[in-house]
Amino acid sequence: AFVCSCNNSDEPKPNGVNEKPFKGIIFTAGITNPEGNNGSVYMQCLPDLQPGSYDNTNGIPVGFGTTPIVAKSGNIYVLPDYMGNTKAELICYKINADNKWSKKGTMPIPPKAAACCVTELNNEKAYISLQGLGTILVFNPTTMTRIGEIDLNSLKQADTNVSPASMVIRDGKLFVGLNQMNAQYMPTRNNIELAVIDTKTDKVEKHIVNTSLGMSFATRPIDAGSIFMDENKDIYFNCVGSFGFIPGLNGGIARIKYGSTEIDPDYLIRLNQTEVAGLSTKHADYISTMCYAGKGLLYAYISSNALAPDAMTNPYVAMTNVPVVFDLKQKTITCIKGMDVSNPQGIAVAKHKNLIVFGSANKKVTGFYTYNPETREVVGPIIQVTGNPCFFHSFEK
């Protein structure tokens, strides 16, 4: 099968500026160690959602524990390994209409920074959150050069690190989820916290704190889709809570309405209070990854630790993840029938034309499946991969 990528030992060479946009797909597959806490991940592309079986021979290595970030400009950002086991640099790629990779440039970042999310303002300014340092690095995405840094450590709690995570820009304001986590990557209280930054001055304008909704850990750092705007410019975001490990520290969905910089006190989908229709265990512990598809429908993987007896001892490999659809207007969660439970490594979800694509690393076969929201039909795996299908993006909207 045709795979438009480079050999592991030969990095893509710059091809110059390409006027025609790429209209295909990109995906990643990861090979982990037995514990699932380390491994290698490879990225490749196809000119369309072509059925077939693909190994990683022609894949571009990307960081483990993070996913590539695709900006609206077409820039594809590859982050280093989240735990700092690869070279500390941000790499920017593009793909031209001939399905060839172009390496736009690289930018060094501090070691052990735990870089997790990139958000572009325009072709002259972008932001990358550095969880390990409590800062946001400001850079020029065209020249891949550093502009400045925003220090958020003054917003940290006494017993946690501020840990800036996923971000979204609305009307010139950068909304940054603050994980506020301790050395065990856990929250210590039910606070939902975000920072609001003016993109003109790169100064913090507001520290948002909510305690009334009973949730914590705003946005999942390795899921850029865990904070988004809908058609009304309302911001929704995933509160991860304690991944189900600490009773009482809860997860779910919260909202910041358009025209406000406060968390809506009247809106929540709290997982411990909302039954998942079709789920044997009734409730989810956290939302692993998600993709907003419009019209109030959010497609996601939810994790329920009660699905696997080894979930608490082997959280990286236990079969706990189920594909669902959230109706944000009705505040409901419903399982998608016809898909098997996956481990937490193979949980991609993305939109491709009129379909939703799910990566699944289930007990039968690993690969990418399609779900038709109109007919509710699941087909696949359309693409089979070697390893865990952990990321998918379509340039064909």
Worksheet entry | Check: Thr28 side chain, Phe391 main-chain N or O, donor-acceptor pair, under 3.5 Å | yes
Discussion item. Whether the side chain of Asp310 engages the backbone of Thr313 through a donor-acceptor N/O pair (distance < 3.5 Å, no angle test) should be reported.
Written reply: no
Worksheet entry | Apart from Met229 itself, residues in the same hydrophobic cluster as defined by side-chain heavy atoms under 4.5 Å | Val168, Phe175, Ile192, Leu194, Val196, Ile208, Leu213, Met215, Ile227, Ile235, Phe237, Ile256, Ile263, Leu268
Discussion item. Whether the Asp151 and Asn153 side chains hold a donor-acceptor pair (N or O, under 3.5 Å, no angle test) is what I'd like checked.
Written reply: yes
Item to complete: Verify, without hydrogens or angle tests, whether Ser226 (side chain) and Thr219 (backbone) share a donor-acceptor contact under 3.5 angstrom.
Response: no
Item to complete: Answer yes or no: is there a side-chain heavy-atom contact under 4.5 Å between Asn388 and Thr32?
Response: yes
Practice prompt. Return each pair, listed once, that meets salt bridge (Lys or Arg N to Asp or Glu O under 4.0 Å) where at least one residue sits in residues 160-171; pairs must be two or more places apart or across chains.
Written response: Asp171-Lys233
Worksheet item: In terms of heavy-atom contacts, does CZ of Arg376 have more than 12 from other residues, nucleotides or ligands at under 6.0 Å?
Response: no
Item to complete: Check whether any side-chain heavy atom of Met290 lies under 4.5 Å from a side-chain heavy atom of Asn238, and answer yes or no.
Response: yes
Discussion item. Any side-chain to backbone donor/acceptor pair from Asn96 onto Lys100? Under 3.5 Å, distance only.
Written reply: yes
Item to complete: Kindly check if the number of other-residue, nucleotide or ligand heavy atoms within 6.0 Å of NZ (Lys206) is above 12?
Response: yes
Discussion item. Is there a side-chain contact between Asn321 and Asn343 in this structure, where contact means two heavy atoms from C-beta onward sitting under 4.5 Å apart?
Written reply: no
Practice prompt. Verify, without hydrogens or angle tests, whether Ser304 (side chain) and Thr281 (backbone) share a donor-acceptor contact under 3.5 angstrom.
Written response: no
Worksheet item: Going by atom types alone, do Glu35 and Asn314 pair a side-chain donor with an acceptor below 3.5 Å?
Response: no
Worksheet item: Is Thr366 reaching over with its side chain to a backbone N or O of Val385, donor-acceptor style, under 3.5 angstrom?
Response: yes
Show me the donor-acceptor pairs within less than 3.5 Å that the side chains of residues 332-341 make with the rest of the protein, sequence neighbours left out.
none

Fill in: Asn362 and Ser342 side chains, donor-acceptor separation under 3.5 Å
no
Worksheet item: Got more than 12 heavy atoms from elsewhere within 6.0 Å of CZ, Phe245?
Response: yes
Item to complete: Scan for side-chain hydrogen bond (donor to acceptor under 3.5 Å, both in side chains) pairs involving residues 347-357, sequence neighbours excluded, and state none if there are none.
Response: His352-Ser394
Worksheet item: Do the side chains of Phe217 and Met186 join up, straight or via other hydrophobic residues, at under 4.5 Å, putting them in one cluster?
Response: yes
Worksheet item: Any donor-acceptor pair under 3.5 Å linking the side chain of Asp81 with the backbone of Met83?
Response: yes
Practice prompt. Check the hydrophobic clustering (I, L, V, M, F, W, Y; side-chain heavy atoms under 4.5 Å; chains of links allowed) and say if Phe228 and Leu174 are grouped together.
Written response: no
Worksheet entry | Residues that Tyr371 engages under ring-ring contact (aromatic ring centres under 6.0 Å, His included), provided they are two or more places apart | none
Item to complete: Kindly indicate whether the side chain of Asn250, heavy atoms from C-beta on, has any atom under 4.5 Å from the side chain of Gln273.
Response: no
Discussion item. Ignoring hydrogens and geometry beyond distance, is a side-chain donor-acceptor pair present between Gln50 and Asp48 at under 3.5 Å?
Written reply: no
Worksheet entry | Test item: side-chain donor near acceptor, Ser212 and Asn210, under 3.5 Å | yes
Worksheet entry | Inter- and intrachain pairs under side-chain hydrogen bond (donor to acceptor under 3.5 Å, both in side chains), touching residues 289-301, at least two apart | Asp223-Thr289, Glu231-Tyr292
Worksheet item: Counting only N and O atoms by type, is there a donor-acceptor contact under 3.5 Å from the side chain of Ser163 to the main-chain atoms of Gln180?
Response: no
Fill in: Side-chain donor-acceptor pair present, Glu120, Tyr127, cut-off under 3.5 Å
no
Practice prompt. Work out which heavy atom in Ala300 is nearest to a heavy atom in Ile287; give both atom names and the distance.
Written response: CB-CG2, 4.0 Å
Worksheet item: Distance only, no hydrogens: is a donor on one side chain within 3.5 Å (strictly under) of an acceptor on the other, for Asn75 and Lys104?
Response: yes
Worksheet item: Is the shortest heavy-atom distance from the side chain of Leu297 to the side chain of Leu328 under 4.5 Å?
Response: no
Worksheet item: In terms of ring plane angle, is the pair His393 and Phe395 parallel, tilted or perpendicular, where the classes change at 30° and 60°?
Response: perpendicular
Discussion item. Between Asn58 and Gln44, is there a side-chain donor-acceptor contact under 3.5 Å, judged purely by atom types and distance?
Written reply: no
Worksheet item: Less than 4.5 Å apart, any side-chain heavy atom of Ile31 and any of Asn56?
Response: yes
Fill in: Atom pair CD1/OH of Ile76 and Tyr93 - distance to nearest 0.5 Å
9.5 Å
Discussion item. Looking only at side-chain N and O atoms, does Ser303 offer a donor or acceptor that is under 3.5 Å from a partner on Thr320?
Written reply: yes
Practice prompt. Examine distances only and state if a side-chain atom of Asp230 and a backbone atom of Asp234 form a donor-acceptor pair shorter than 3.5 Å.
Written response: yes
Item to complete: State, yes or no, whether a side-chain contact exists between Glu149 and Arg146 at a heavy-atom distance under 4.5 Å.
Response: yes
Practice prompt. Indicate yes or no for a side-chain donor-acceptor contact from Thr274 to the backbone of Leu271 under 3.5 Å, with no hydrogens or angles considered.
Written response: no
Discussion item. Looking only at side-chain N and O atoms, does Arg270 offer a donor or acceptor that is under 3.5 Å from a partner on Asn272?
Written reply: yes
Worksheet item: Are any non-hydrogen side-chain atoms of Tyr267 and Lys257 less than 4.5 angstrom apart?
Response: no
